[in-house]
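As structure tokens, the structure follows; a few thoughts come after it.
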Amino acid sequence: MLKIYNTLTRKKEEFKPRVEGKVGMYVCGMTVYDYCHVGHARVMVVFDTVARYFRHLDYDLTYVRNITDIDDKIIQRANENGEDFNRLTERFIEAMHQDELALGVLPPDIEPKATQSIADIVRMIEVLIKNSLAYVGGNGDVFYAVSKFKNYGQLSGKNLDDLQAGERVDVDLAKRNPLDFVLWKMAKPDEPSWQSPWGLGRPGWHIECSAMSTCCLGNHFDIHGGGMDLQFPHHENEIAQSEGATGETFVNLWMHNGFVRINEEKMSKSLGNFFTVREVLKQYKPEIIRFFILSSHYRSPLNYSDEQLNEAGTALKRLYNALRGVNVAELIDIDLNSLDAIVEDRFRQGEARCYKLDFEKAMDDDFNTPVALSVLFDLARELNKAKETDHESTKVFAFTLKKLASLLGILQEDPEDFLKSSVLEDEALTNETIEQSIQTRLDAKKTKNWVLADKIRDDLKGQGVILEDSPSGQTTWRRE
RNA sequence: GGCUGCGUAGCAAAACGGUUAUGCAGUGGCCUGCAAAGCCAUCUACGGCGGUUCGACUCCGCCCGCAGCCUCCA
């Protein structure tokens, strides 16, 4: 039974889809005026893992993740660069897709863009005005009248009286209430703009998500996700807009992931303490970043540091090392379920743990990936033991490990490739050179020339290459 | 000030009202020419003070500390 923490109720709830067997999930994606940082990577990886797991449970999932490609920051950045805003957003959308691909994030089913949803946005604002929930302000902008929406604050646990508006922000005099927010913003000269009943302008920040989500998934859908910082005001405002316009419940379940931190502080653009995904990829393999993200629960804070990334790398190596030398390829066509029969039979006889059940139990508990990973490590230990003696079990364990790991989007590379590859493009030591040195060392070993053999091994170690002799006389190697 | 959430061993990170998390690091052993990897064993815990309970890291209260939101942010 899948349980998910719902921000709306602040409880874990049993997941019940609106329509049997189907799930609609909308996640707030990027505003594309810069490269993705590790915080964005976390959202992508977390909800990619959620999506993979829903599919594993045989739900017919529609996963929507939007792109906000028009807003103040985009305009500002485009002006700074002296380039057209379209060109700017296209560049960063492309960059985002590259980062996703690297991190093993499967594309969402639908990726709507704000600029392609203007008609829907305008239509929604019109309805909101008709419903007396929105008004045209003194400056021509259209605002949402927050006090007219009775449940305002339900998601973030705030009430209007507590919100002490104006304390930290200049009160916009065009608004009736300082907490009212913009739905449609009039264009200044030379700003990108679209025609509307209120004149040339552009959508406010929150309305595009209301329009895109309801258009793609219907007025009422199952799951809406995003970073914790979107809880208020963004998601609160989305509820006000969507429910105000449709009169229906907007979303059943809200999921929010925790922040990536640096030195106990939120990684954010405004603080300037962020690392972009492409920066980090220069130093670490993408799968290590993915593992690092999954090594803590999605709602917990995730502290970013080299030490942590290095540990993630070591841990991942342990898993790959366990798979090393096992011919998983010949089993690749068997699906996980047909393997269950074998495993469950052994399980019943008390011979084996049912790792798949343990894994699913962890994931069913609000996507507890740290525990799911710990099951993979238990499995790896079992596999390592089996490799010594039991051929049949070796295959079963290796296959189970790889299949379960695929639900997390890890461990799908060839172990040899993973262990031998380097992120450094200008790696001085080629694989061929290493193989040659190993051959020389093997010759030295034959004549029991331990001094030379050890020197070669030490030299290679100095260059980040670890040699491992096997009892059969073979020598394998990997990079540190 | 209002509202969230967190505080676990050397580090990271989970679960659970009574029983081994897991990974890295440490220690001892097996294996190895020696290593590495692997296996076995093992040492370090639950911020503080009270309460509930036969029993609390786990539930409740208070205190201390940290982070986040209340403004753009994933």
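Numbers restart at 1 for each chain; the letters A, B, ... are given by sequence-line order, proteins then strands.
In terms of position along RNA chain B, the nucleotide closest to A:Arg10 lies nearer the 5' end than the nucleotide closest to the other residue of the pair A:Arg10 and A:Asp229. Each of A:Glu468 and A:Lys269 was matched to the nucleotide of RNA chain B holding its nearest heavy atom; the match closer to the 5' end belongs to A:Glu468.
Judged by ring centres under 5.5 Å apart and planes tilted less than 30 degrees, A:Phe259 fails to stack against the six-membered base ring of B:rA74.
For B:rA35, neither phosphate oxygen OP1 nor OP2 lies less than 4.0 angstrom from any side-chain nitrogen or oxygen of A:Arg457. One finds a side-chain N or O of A:Asn384 lying less than 4.0 angstrom from the OP1 or OP2 phosphate oxygen of B:rC39. Residue A:Asn310 places none of its side-chain N or O atoms closer than 4.0 Å to OP1 or OP2 of B:rC24. Within the structure, every side-chain polar atom (N or O) of A:Ser156 is placed at least 4.0 Å from both OP1 and OP2 of B:rC70. Checking the phosphate oxygens (OP1, OP2) of B:rC6, no side-chain nitrogen or oxygen of A:Arg261 falls inside 4.0 Å. For A:Lys317 and B:rC24, the shortest distance from a side-chain N or O to OP1 or OP2 is not below 4.0 Å. Of the side-chain N and O atoms in A:Lys266, none sit less than 4.0 angstrom from OP1 or OP2 of B:rA74.
Taking only distance into account, the side chain of A:Asn321 never meets the base of B:rG38 through a donor-acceptor pair shorter than 3.5 Å. Remark: the A:Arg381 side chain and the B:rC39 base include no donor-acceptor N/O pair separated by less than 3.5 Å.
A:Ile74 approaches A:Thr68 most closely through the heavy-atom pair CD1-O, 3.6 Å.
Classified by interplanar angle (parallel below 30°, tilted 30° to 60°, perpendicular above 60°), the ring pair A:Phe181/A:Tyr152 is parallel.
Geometrically, A:Arg65 does not engage A:Phe47 in a cation-pi contact, judged by NZ or CZ lying under 6.0 Å from the ring centre and within 45° of the ring axis.
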**Request:** Convert the base pairs of RNA chain B into dot-bracket notation, remembering that pairs crossing earlier ones are written with [ ] and that bases paired across to another strand are shown as |; include only Watson-Crick or G-U pairs under 3.5 Å.
**Result:** (((((((..(((.....[...))).(((((.......)))))....(((((..]....))))))))))))....
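Using a 4.0 Å heavy-atom criterion, one finds that A:Arg324 contacts no nucleic acid atom at all. At the heavy-atom level, A:Gly39 lies under 4.0 Å from base atoms of the strands shown. At a threshold of 4.0 angstrom between heavy atoms, the contacts of A:Glu264 are confined to the sugar-phosphate backbone, with no base atom among them.
Using a cut-off of 4.0 Å between Lys/Arg side-chain N and Asp/Glu carboxylate O, A:Glu287 and A:Arg290 are scored as not salt-bridged.
If you take atom C1' in B:rU19 and the same atom in B:rA56, they sit 15 Å apart, rounded to whole Å.
For A:Tyr26 and A:Tyr63, the ring centers sit 6.0 Å or farther from each other.
To the nearest 0.5 angstrom, A:Phe143 atom CZ is 9.0 Å from A:Leu183 atom CG. Note that OG of A:Ser295 is 12.0 Å distant from CD1 of A:Ile288, once rounded to the nearest 0.5 Å.
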